[in-house]
**Student:** 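Take this structure first; my questions come after.
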Protein chains: 2
Amino acid sequence: MTTDQIARIRRFQRAVTTEIGLLDTSFLGRGRPLGPARVLNAIGGSRVEVSEIRAYLGLDSGLMSRLLRGLEAEGLIEVEPGADDSRRRRVRLTAAGAQEYAAYEALADAQAREMLGKHAAPDKLLAAMDMVASALGKERIALDAVDPRHPLAQACMNAYYTELAARLEQGFDVARSSDPDVQDMRHPRGAFVIATSDGLPLGCAGLKGTDKGYAEVKRLWVSPAARGLGLARRLMRELEDRARDIGVTVLRLDSNSALHEAVALYRATGWVEIARFNDDPYPDLFFEKRLITG
Amino acid sequence: MTTDQIARIRRFQRAVTTEIGLLDTSFLGRGRPLGPARVLNAIGGSRVEVSEIRAYLGLDSGLMSRLLRGLEAEGLIEVEPGADDSRRRRVRLTAAGAQEYAAYEALADAQAREMLGKHAAPDKLLAAMDMVASALGKERIALDAVDPRHPLAQACMNAYYTELAARLEQGFDVARSSDPDVQDMRHPRGAFVIATSDGLPLGCAGLKGTDKGYAEVKRLWVSPAARGLGLARRLMRELEDRARDIGVTVLRLDSNSALHEAVALYRATGWVEIARFNDDPYPDLFFEKRLITG
DNA sequence: TCATATATCTGACTAAAGTCAGGAATATTG
DNA sequence: CAATATTCCTGACTTTAGTCAGATATATGA
């Protein structure tokens with residue numbers, strides 16, 4: 001690591017600190033201090049449990065309580081005890097709250113739009129922002145099992161197909177590859193896991209159940225914005241855990257030698273190369289992994 | 001502009017706000033609030049005039065005054081009236097202050113190092129950070145005339161040579177190109193201007209005086225991290241102003257058709273293509289611009 | 001020289017964020 | 001069931017940041 005590299009990060013920190021400082025103090029000029037505004041936005045962002053919001057924003061319980069009281073007094077939110085555990089309270093926006101939240105969203109969007117508009121190469125700027133945001137908020141990337149037909153899951157798979165088409169010498173056409181049945185990638189036959197950061201999809205992986213004594217790993221993809229963070233490894237680990245949960249002990253997958261990073265990951269995490277086990281035209285490498293159970 | 005793009009910027013803002021929030025509240029754990037810490041760092045970063053620091057940090061004069069008193073009481077800084085205008089006060093670090101500043105630097109460097117170390121593709125991350133920082137801090141990019149032998153000027157020129165070598169079909173070797181005499185790119189014969197952001201060099205351009213009735217523009221370069229911000233245009237405008245100041249009314253330059261952006265800029269800003277006027281092996285395009293004076 | 005502008009300082013104030021101790025209600029565990 | 005833990009609330013407090021109206025000293029231009 002060179003001193004020049006350090007200097008560059010330092011410069012970035014300065015640029016961002018000052019800019020965000022300016023950005024936040026008058027928090028978008030809706031006459032509400034940063035604290036309540038942050039809480040309102042967290043609730044609008046579909047967070048429901050008080051404790052969850054508190055952890056997300058890193059607030060003291062006393063402070064949090066007061067901020068909630070304030071928003072309640074404004075008529076923007078309603079708080080009620082949780083259904084199964086009535087200590088853990090749940091918050092939701094009232095109609096007025098939803099309106100106020102939308103106003104914040106519109107303002108922030110306008111700000112974002114203006115910033116992009118001033119730049120000559122917006123795509124590059126966005127890609128750079130994605131990468132930085134992922135690196136900064138690494139531990140905020142959440143993995144969730146969803147239905148493979150979920151819009152975010154679809155978005156990931158489409159990005160995956162596009163990337164395959166670009167990277168495979170012979171191109172890629174989904175229609176010619178065996179498209180896994182939705183049923184096979186849902187509990188209890190299998191699973192489909194997506195990685196998201198503040199709602200933006202960053203990666204996916206599917207576990208496809210079969211009746212042949214093993215399950216297959218399909219559609220492992222990580223967004224360029226999140227590469228280098230060990231996300232693929234996390235996704236694979238998650239799939240293995242879920243495989244164990246549904247009683248699967250042998251996993252298989254097919255891949256292509258053009259996908260270096262993925263192949264290297266398989267080899268590094270206990271996968272063993274085996275003979276071709278299907279007649280899909282795209283893969284040229286086949287792996288198996290026996291899970292340690294107990 | 002798509003909604004997806006907006007969502008990406010919004011996500012970036014969130015990631016950065018929360019991260020920097022965490023980063024700054026206990027400002028690196030040296031038991032000093034953010035305010036005084038920022039001022040100390042601005043002074044350590046070779047800013048000397050109180051008014052300059054105030055503008056840089058965006059502080060109220062009363063607050064600034066108090067923060068200075070505090071640092072003075074700690075024995076970290078000394079304040080004295082300016083030499084030519086005794087209203088504008090100048091600040092400098094005492095020995096203890098320099099030590100404290102160094103401690104902050106070391107902590108921030110360690111933090112940066114840790115962040116880079118956790119990333120699998122640090123170069124890409126740095127490039128992304130540079131781009132974002134430049135876009136955020138666009139108006140903080142300063143242009144200064146320096147001696148062409150200045151280390152930052154040299155750094156820019158070396159980056160320029162490397163880029164030429166990569167972009168020109170026939171490569172590039174400085175030794176074969178006519179290296180302008182240092183004298184010719186200094187006042188009053190010419191000028192050399194660099195663009196920096198918080199000390200990081202982002203671009204350069206040289207004005208080389210000749211005895212043939214015109215001056216030449218040489219070494220126009222903008223760092224990849226700062227492209228798309230109109231910096232080349234700013235550099236050229238600066239050179240034109242300086243040319244007028246030293247009484248030059250005709251400018252010439254040579255370029256290569258592989259450098260699309262530069263050539264497009266010349267054509268868009270009043271430069272007219274002319275016949276070859278030197279025997280340098282690299283250029284294949286030649287331009288002239290007559291300055292409007294008065 | 002006199003009016004005006006500029007740079008900084010001081011005192012009095014407010015708003016916002018955060019801390020801490022303890023209390024009430026509810027859940028969990030041996 | 002009793003002891004303990006968890007979740008949230010309340011009140012009293014501190015720190016930090018920031019605002020605003022003068023006061024003071026110095027510079028500038030007619």
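Computed from a predicted structure; not experimentally measured. Only heavy atoms go into these numbers, but all of them, side chains included; no hydrogens, no water, no symmetry mates. Quick note on labels: first sequence line is chain A, next is B, and so on, each numbered from 1.
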**Student:** With sequence neighbours excluded, what pairs up with B:Arg69 under the side-chain hydrogen bond (donor to acceptor under 3.5 Å, both in side chains) test?
**Tutor:** B:Glu72

**Student:** Could you pull out all residues at least two apart from A:Asp241 that satisfy salt bridge (Lys or Arg N to Asp or Glu O under 4.0 Å)?
**Tutor:** A:Arg244

**Student:** Could you tell me the separation between the CG atom of A:Leu57 and the P atom of D:dC8, rounded to a whole number of Å?
**Tutor:** 13 Å

**Student:** What residues form a salt bridge (Lys or Arg N to Asp or Glu O under 4.0 Å) with B:Arg87, not counting sequence neighbours?
**Tutor:** B:Asp85

**Student:** Indicate every side-chain donor-acceptor pair of residues 61-68 of chain B with a distance under 3.5 Å to a residue at least two apart or in another chain.
**Tutor:**
none

**Student:** Please identify each residue that fulfils side-chain hydrogen bond (donor to acceptor under 3.5 Å, both in side chains) with B:Asp147, with sequence neighbours left out.
**Tutor:** B:Arg149, B:Arg186

**Student:** Of all residues at least two apart in sequence or in a different chain, which pass the side-chain hydrogen bond (donor to acceptor under 3.5 Å, both in side chains) check with B:Arg242?
**Tutor:** B:Glu238

**Student:** For atom CD of B:Glu52, is the number of surrounding heavy atoms from other residues, nucleotides or ligands below 6.0 Å larger than 12?
**Tutor:** yes

**Student:** How does protein contact run along nucleotides 3-16 of chain C, one letter per nucleotide 5' to 3', with B for base contact, S for sugar-phosphate only, - for none, heavy atoms under 4.0 Å?
**Tutor:** --BBSBBBBB---S

**Student:** Give the rounded distance in Å between these two atoms: CG of B:Asp84 and P of D:dT26.
**Tutor:** 15 Å

**Student:** Once you round it to whole Å, what is the distance between C1' of C:dT19 and CG of A:Leu59?
**Tutor:** 13 Å

**Student:** Identify, with sequence neighbours excluded, every residue that meets salt bridge (Lys or Arg N to Asp or Glu O under 4.0 Å) alongside A:Arg88.
**Tutor:** A:Glu49

**Student:** When Watson-Crick pairs (N1 to N3 and N6-O4 or O6-N4) and G-U wobble pairs (N1-O2 and O6-N3) count only below 3.5 Å on both distances, what is the dot-bracket string of DNA chain C, with | for other-strand pairs?
**Tutor:** ||||||||||||||||||||||||||||||

